[in-house]
Amino acid sequence: MKAAVIESVGRAVVTEVPDPTPGPREVVVEVAACGLCGTDLHILQGEFAPKLPIVPGHEFAGEVVGVGAQVTEVAVGDRVAVDPSLYCYECHYCRSGHNNMCERWAAIGVTTAGGAAQYAVAPVANCVKLPEHVRTQDAALVEPLSCAVRGYDVLKSQLGAHVLIYGSGTMGLMMLELAKRTGAASVDVVDINPARLETARRLGVSGTAGNADELDRPQGWELVVDATGNAAAIQDGLGRVAKAGTFLQFGVADYATRVEIDPYRIYNQEITITGSMAVLHSYERAAELFAAGVLDPEVFISDRLPLTEYPKALEQFAAGVGRKIVVVP
Ligand SMILES: [Zn+2]
Ligand SMILES: [Zn+2]
């Protein structure tokens, strides 16, 4: 089959690799679409993935074309979205419900072959069947949405909160859509890229700005979400949290990124600084929300490129052009 392969640091190609075969409790999925995200760029830079070469792609959906001997829950012809998380279920963190902190953390498309290929293997336990009205290609968005759902899970009730989101790429916009539906009193979005703010406005926001100074909330925001991973944005956002408010580190920063915190203010104003990592018991709910229309795929997916253009798709994503880019085998 054809697959994208990150061969070594900085080098992605599309090549022929052997067709996958399913284990007893696994299925083979014919990939309909696979999304690209920051994680793929980190892998390309030599971070995250413990071993190269790797077939990337952890955001995918497709049709089941083969099942292992002990699979009864799904059948050939079923359309599924795939949760990429591979937990050990044995370590301290798994046994205490924090599976995304698993000591043997692994994921399809990060530590094992992923969905940027014609076919991918997944445990049947990771497959969520798609209802009839959901297009298989669009369901590549369920995985990033499940990260946004996890982001909301770490927060206390946001009913009536004023929310400020840094970054209006795919993840920032997903946080925006969830904020609107979890009872935010207002949602403002900051991005240094005006073209991206245009999409935020299209989805409906209270305010948009290139700098939060332009937004009139001197008392700050009860919830500030960083969806950029950028040091300047994080530093700015930390200073915008209202008294008793929460800062959520949702964007993926580079390992070396550092910002300053103000311990006195954290103490005196009871500021919470927290983070959310990937997916935790949130994939099914994301699939339900997706099927319920929480996102418009036509807005969120800006580019559908052929799998053969995977290296170009990565470059385009790295340049910050468009929103969610998916490759179609
Ligand atoms: Zn991702
Ligand atoms: Zn574990």
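Just follow the structure's listing: the first ligand is 1, and inside any ligand the first atom is 1.
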Practice problem: Examine His92 and say whether one of its N/O/S atoms is closer to the Zn ion (ligand 2) than 2.8 Å. | Solution: no
Self-check item: Check: Cys94 and Asn99 side chains under 4.5 Å, non-hydrogen atoms
Solution: yes
Exercise. Using a strict 4.0 Å threshold on nitrogen-to-oxygen distance, state whether Arg304 and Glu298 make a salt bridge.
Key: yes
Quiz item: Can you check whether Val82's main-chain N or O pairs, donor with acceptor, with Asn126's side chain at less than 3.5 Å?
Solution: no
Practice problem: Tell me which N, O or S atom of Glu59 sits nearest to the Zn ion (ligand 1). | Solution: OE2
Quiz item: Is it true that some N/O/S atom of Asp40, main chain or side chain, lies under 2.8 Å from the Zn ion (ligand 1)?
Solution: no
Quiz item: With a 4.0 Å cut-off, would you call Lys180 and Glu177 a salt bridge?
Solution: yes
Quiz item: Would Arg201 and Glu198 satisfy salt bridge (charged side-chain N to carboxylate O under 4.0 Å, His left out), going step by step from the backbone distance to the final call?
Solution: CA-CA 5 Å; Arg201 282 193 288 273; Glu198 187 51 49; 3.1 Å; yes
Quiz item: Taking both backbone and side chain into account, is any N, O or S atom of Cys37 nearer than 2.8 Å to the Zn ion (ligand 1)?
Solution: yes
Self-check item: Metal site angle (apex the Zn ion (ligand 2)), SG from Cys88 and SG from Cys91, 10 degrees
Solution: 110°
